[in-house]
There are 2 protein chains.
Amino acid sequence: MNLLGPTPESETSPEDKGLLSDQIRRALADEIATGRLKPGTALDEQQIATRFGASRTPVREALRQLDVSGLVEIRPRRGVIVALMTPERIMDMFETTAEVEAMCVRLATYRITPAERSHLQGLHEESADMVAASDLNAYDEFNRVFHEAIYRCTHNQFMAEQAIGIRARLAVFRRTQLRHGDRIVKSHEEHGEILRQMARGDGGEAARCMRAHMLNASGALTSYIRMLNDSDPLA
Amino acid sequence: MNLLGPTPESETSPEDKGLLSDQIRRALADEIATGRLKPGTALDEQQIATRFGASRTPVREALRQLDVSGLVEIRPRRGVIVALMTPERIMDMFETTAEVEAMCVRLATYRITPAERSHLQGLHEESADMVAASDLNAYDEFNRVFHEAIYRCTHNQFMAEQAIGIRARLAVFRRTQLRHGDRIVKSHEEHGEILRQMARGDGGEAARCMRAHMLNASGALTSYIRMLNDSDPLA
DNA sequence: GATCAATTCTCCGTATACAATACCACGGTT
DNA sequence: AACCGTGGTATTGTATACGGAGAATTGATC
């Protein structure tokens, strides 16, 4: 199941419909993903309930679901906190993402349709404007769309869902990554190289490019991780 | 009404470990994984609650968590059912598992320690007895242990967790797979080949062997999937 | 006889109340 | 003075109650 919304196509407005517990879950997931809630932060059920104008029950359900997806940690009878991430764990997650992305792009290379290929190419070319303008937020969103489009080209919905789930959990770290240097320019170039290898039909090489792309991104993270750790005595 | 019957007298399990909702979640997850609860089965909250001698609240929490991990499907206001799997989705899941296992074994090949290597080899040799005895249940359990041991050799805990999670969701299908023909013998041989490639340090080849190993297993599933679908009008 | 609509009915989603447990502070004892 | 034990408090875990949304059934009309 996808954390950030039940079914992407039926996502008209996040507020009007759906379960209260779902709204709370999405809101908390977003706050954790964007970093507004930092790892280690204690999440008081009653406090969150009053904040959302609800009772504890839907809040509890939301927290339990976030626990399963790994965004929060529940210590029985001891409360729930935003999931702590040691530097090792973050690096593990990043490596996993890199491998999963490589896996996806390899399959996608073999299965992509001409229509999908041109769509992907179109997305890439549109992103050039954001790079030129150094519009980090726009590029961040494009990045998600671009990578998820690749997932779909595997024509394996389950794999795509797994990839999206893992990616969502790294969103908070990825966001800061583009802030560093000319990462955005490099990222765009790497996307182009990946598309080129896909066009050649060389899945293995496309996978290697993707892995390198993801690890390049992760390299820019080291400093951020240290910063997080220094400011967080619990980690 | 099921095997784990109510038996009102045995209200306190010998192992009263922690949260009631956790116990219920584990119990339901096990029943789904083992196939005692078939896909499409409606899960009535009140009914489950009385069966466990609890109220609806912990049952609801358990079901919500199972939803996130994909074992059940919740249609708001329409009830919760054991997750339906179309043949396409099952094949998607199997392919994903195959790729993930291949990914793990590749990394494991590069990072395994001598101690881990001998442990893995020991496991493999012990399993020869089960093969000779055609002890399917024992081999099924060994299989899990063996593959999870490989995950750990990646020295990437997050990746190992992901792999375990995906594997757990396919447990019900994998269980039936060994029943077919001499799959158990082939499986043992394939394990040996994987270990040989790992010993050679050829991660790419080990990954290819693992992928083939997993897809061989999935091939034996086709008939089972059709059977499932025929007996299940909801799918 | 068939179809549509309204009513009822069952189950879910949320709220509130109660019980159990972990943390903390305070005091007594060694 | 330090340590252990006991009691209080706050927060979690569980139970129950209530309102509402779907779905099914039945009746009326065409």
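Order of the sequence lines sets the chain letters (A, B, ...), proteins ahead of strands, with each chain counted from 1. Any value given below was found using the heavy atoms of this structure, including those in side chains, with hydrogens, waters and symmetry copies removed.
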Summarise how protein sits on nucleotides 5-10 of chain D as a single string, 5' to 3': B when a protein heavy atom is under 4.0 Å from the base, S for sugar-phosphate-only contact, - for no contact.
------
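- As judged by a 4.0 angstrom heavy-atom cut-off over every strand, A:Arg64 is placed among residues touching the sugar-phosphate backbone only.
- Between A:Thr57 and B:Val80, the residue whose closest nucleotide on DNA chain C is further toward the 5' end is B:Val80.
- Here A:Phe146 pairs with A:Phe142, A:His191 under the ring-ring contact (aromatic ring centres under 6.0 Å, His included) rule; sequence neighbours left out.
- In this structure B:Glu126 satisfies the salt bridge (Lys or Arg N to Asp or Glu O under 4.0 Å) test with no other residue, sequence neighbours excluded.
- With sequence neighbours excluded, the residues that form a salt bridge (Lys or Arg N to Asp or Glu O under 4.0 Å) with A:Arg211 are A:Glu99.
- In this structure B:Arg25 satisfies the salt bridge (Lys or Arg N to Asp or Glu O under 4.0 Å) test together with B:Asp22, sequence neighbours excluded.
- Applying the side chain to side chain contact (heavy atoms under 4.5 Å, CB included) rule to A:Glu88 yields the partners A:Thr86; only residues at least two apart in sequence or on another chain are considered.
- Here A:Arg51 pairs with A:Glu31 under the salt bridge (Lys or Arg N to Asp or Glu O under 4.0 Å) rule; sequence neighbours left out.
- Environment of CD in B:Gln157: sparse, with no more than 12 heavy atoms of neighbouring residues, nucleotides or ligands closer than 6.0 Å.
- Evaluation of the side chain to side chain contact (heavy atoms under 4.5 Å, CB included) rule for A:Ala27 yields A:Phe52 as partners, not counting sequence neighbours.
- Legend: residues meeting side chain to side chain contact (heavy atoms under 4.5 Å, CB included) with A:Val82, ordered by chain and number and at least two apart, are A:Ile32, A:Leu37, A:Thr41, A:Leu43.
- In this view, B:Glu73 satisfies the side chain to side chain donor-acceptor pair (under 3.5 Å) rule with no residue, not counting sequence neighbours.
- Between the two ends of the helix from C:dG1-D:dC30 to C:dT30-D:dA1, each summarised by a five-pair axis, the helix axis turns through 10° (rounded to 10 degrees).
- A:Glu45 comes within contact range of the sugar-phosphate backbone alone, with a heavy-atom separation under 4.0 Å but no base atom that close.
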So which protein N/O to nucleotides 21-23 of chain C N/O distances come out below 3.5 Å?
unit_1: C:dC23; atom_1: OP1; unit_2: A:Arg78; atom_2: NE; d: 2.7

